[in-house]
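So that the names make sense, note that chain A is the first sequence line, chain B the second, and so on, each numbered from 1.
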2 protein chains.
Amino acid sequence: MGKLTITDIARLAGVSKATVSRVLNNRAEGVGAQKRAQILKLVEETGFQPCSTARCLATGESRSIGLVIPDITNPFYPLLVRGAERRLNECGYSLFLCNTDRSLETEEAYVRVLIEKRVDGVILDSAGSMHDAHVRLLEDNGIPIVLLDRAIGHRTSRYGVFVDNQRGAFEAAAHLLRRDDCRLLFLNGPAGLSQSIERRAGVEEAARLAGATDRLRVLEGDFSVDSGFRLVAGALAETQTAAKSTPAAFNAVFAANDVMAIGALRALKQCGIPVPQEVEVMGFDDIELAGMVDPPLSTVSQPTLEMGTASADLLLRLIGGEKPRRKAVIMVPQLVLRGTTRSVAVGGAGDLGSKRSAGQVAEPVTQRQSAVGTIR
Amino acid sequence: MGKLTITDIARLAGVSKATVSRVLNNRAEGVGAQKRAQILKLVEETGFQPCSTARCLATGESRSIGLVIPDITNPFYPLLVRGAERRLNECGYSLFLCNTDRSLETEEAYVRVLIEKRVDGVILDSAGSMHDAHVRLLEDNGIPIVLLDRAIGHRTSRYGVFVDNQRGAFEAAAHLLRRDDCRLLFLNGPAGLSQSIERRAGVEEAARLAGATDRLRVLEGDFSVDSGFRLVAGALAETQTAAKSTPAAFNAVFAANDVMAIGALRALKQCGIPVPQEVEVMGFDDIELAGMVDPPLSTVSQPTLEMGTASADLLLRLIGGEKPRRKAVIMVPQLVLRGTTRSVAVGGAGDLGSKRSAGQVAEPVTQRQSAVGTIR
DNA sequence: TTGAAAGCGCTAACAC
DNA sequence: GTGTTAGCGCTTTCAA
């Protein structure tokens, strides 16, 4: 069963390669119905599969794209991947998975590989927001690229799909700060990420509005369970050792992702601190597990799957040669209140969703439409 | 910046394409040190990147491989993917991600694409264990393949990396059945999967040994949180309606994966049934979340990351032309007892690991060595 | 409607 | 050591 080539099929059918090629790419004209049927039959019988590698060489299109993400192991990303993969696959594109382990070096190495592989486009959820040499490389090679989840440089300078981080963080912080005595501990992501900057801005804005800037403390985590745990355990330890009225004390934690929030929850539980009675906790992302921990985690929900899909859609358009005027697709996050925040007495920001069936992720149907709509 | 080719470099360096090619593939001999340095410098300066597509056409090697998995969204798989990806990447291979959504049709379609892409090999965590037409297709095209996590056909007929499902299930069931009054509800995976068959065998064996075959009930789930929830909620409802002494009642649940176990936990909690006091619960996989739910989930731990790595290793050997005698690499699962099972009074199977720091996955160091060792 | 022929960018004999 | 020459399997003008 030596690999069949288009030449074999041509020979078997007694026609030229060109004719077979026309049939394979079903060019409407250029082939008689008779020959066409015969060739199709032959292809079917022999199980011939054209070599996409050779095709790529001839046409310049590889029909594969690169998807770069920081950490497939973090439950947020699989959904993003799945969204993109599904759409891309529907449209006949295959996907090179590039897991960077949050390392910029790995990311750059991957980008190089993707260029060599002659991908038709790249979706990039970058490990950093500052460095763009590799993005330039892609651009110089004429490879369309859409940023996902994290911006690099200014948001409007390149195509991308993001959630409104500032708004999400603002709403979360504002909710926690609704209580006059709230002392807020914000576990931000790594400095330098666009998300961290935006979310911090949101939190600070909320603090300012609440006149609580002196009751806000910001710590830097790395998005892992462990860092959420350690940061909170550390803050707790300070409180213990210092006088009871130390300014380090906090009674609310807002983590930049659910995974860190879960780590925070564990630290609190380990110290026997009741959540949400003594400390309220809020996450970001709304991963599936968020509703499964105890108590179920209040969080800022992102339309993750839709973001993946949207990035694929956008990339497909770029590959198709379109030049959408709006560069950034901004999705709207939604506050989901579950068990780690106390039910609201006063009307604060966000809806009173604590009785939402916890397994249900809030479906951001409306904003999805509006958000995706902005691109036109 | 029209794409540079090897011809350009050759022209610029005043040498032939062959020489450049030799340098690019750093063939030890065949190029003078002088020219070599010059060419290298030129490549560096121009940022030339050889087209792997053309190379593939010329050599027959694509340096990319296909990774087929059922559901990237289930927290078990990302680890598998990561293990495989890391090793493969180290060795210069890129990875096409094929998420089948547990659909055999999608899987077959993907396999076809992979063949067209001329992948050098495939790692296949199949959606089903019965159908092997697509595997045959791969084999007919001379593409090395290693099965991962799930067998297709008999375990020894093809190369693969698996966990000892029967043993894991046996130990879990035996542990639950250590109590004389245990009535065990086993939430198996979809019928037809090799895993389901093996795990069922393990459970039944344990029941037989405990003389408890009449106290075992087997239900079929689909690995989702929802199915775990519904199955248990349903069984619970039966119990309510029937007489209190109905045979449908159970006081232990063993789920074929952690995700279903978490669903079960939720159903139990919703009915106000204390775990583990009234009902013990055990999962399978030991995903990161397992330790994060409340109570932390007792489970059968798989060395997931290592399985991914091992599958990559095995595939690389096959690609390298080796024909290992042992076809199957069988990893050893490990019982991890946490909060959803009662601490053992009598010495039963497994260790008394309930005080294991819950965030820590038991490190299966020893069996990893022995298991991987079996292949030689 | 069909075929012949020239490439796509690279590698690998085989000469020199 | 270095260059020449065929291809790898496909698409795509351009003629017929």
Any ion pair linking B:Arg87 and B:Glu90 (charged N to carboxylate O, less than 4.0 Å)? yes
Using a strict threshold of under 4.0 Å (side-chain N to carboxylate O), is an ion pair present between A:Glu116 and B:Arg55? no
Give each protein N/O atom lying under 3.5 Å from an N/O atom of nucleotides 11-14 of chain D, with the pair distance.
| residue | atom | partner | partner atom | Å |
| --- | --- | --- | --- | --- |
| D:dT11 | OP1 | A:Asn25 | OD1 | 3.2 |
| D:dT11 | OP1 | A:Asn25 | ND2 | 3.0 |
| D:dT11 | OP1 | A:Arg55 | NE | 2.8 |
| D:dT11 | OP1 | A:Arg55 | NH2 | 3.2 |
| D:dT11 | OP2 | A:Ser21 | OG | 2.7 |
| D:dT12 | OP2 | A:Arg27 | NH2 | 3.0 |

CD of A:Glu45: more than 12 outside heavy atoms within 6.0 angstrom? yes
Using whole Å, what does the distance between atom [atom2] of nucleotide [N] and atom [atom1] of [X] come to?
X	N	atom1	atom2	answer
B:Ile39	D:dG3	CD1	C1'	12 Å
B:Arg11	D:dG3	CZ	C1'	17 Å
A:Arg36	C:dG3	CZ	P	14 Å
A:Arg63	D:dC10	CZ	P	17 Å
A:Asn26	C:dT1	CG	P	15 Å
B:Ile9	C:dC10	CD1	P	9 Å
B:Phe48	C:dG9	CZ	P	10 Å
A:Leu57	C:dC10	CG	C1'	8 Å

When you check the phosphate oxygens OP1 and OP2 of D:dG3, does a side-chain N or O of B:Ser16 lie under 4.0 Å from one of them? yes
Worked check of side-chain contact (heavy atoms from CB on, under 4.5 Å) between B:Leu95 and B:Asn89: CA-CA 8 Å; B:Leu95 208 138; B:Asn89 188 33; over 6 Å; no
CD1 of A:Ile6 to CG of A:Leu4: how many Å apart, nearest 0.5 Å? 11.5 Å
B:Ile72 CD1 to A:Ile72 CD1 distance, which is reported to the nearest 0.5 Å: 4.0 Å
Please answer whether the main-chain N or O of B:Leu42 pairs with a side-chain N or O of B:Thr46 as donor and acceptor at a distance below 3.5 Å. yes
Is it the case that the side chain of A:Ser129 and the backbone of A:Ser194 share a donor-acceptor pair, with hydrogens and angles ignored and the cut-off at 3.5 Å? yes
Residue whose nearest DNA chain C nucleotide is more 5′ - A:Ala33 or B:Gln49: A:Ala33
Please identify each residue that fulfils side-chain contact (heavy atoms from CB on, under 4.5 Å) with A:Ser62, with sequence neighbours left out. A:Cys56, A:Ser64, A:Asp120
To 10°, what angle do the rotation axes through the five end pairs on each side of the helix from C:dT1-D:dA16 to C:dC16-D:dG1 form? 40°
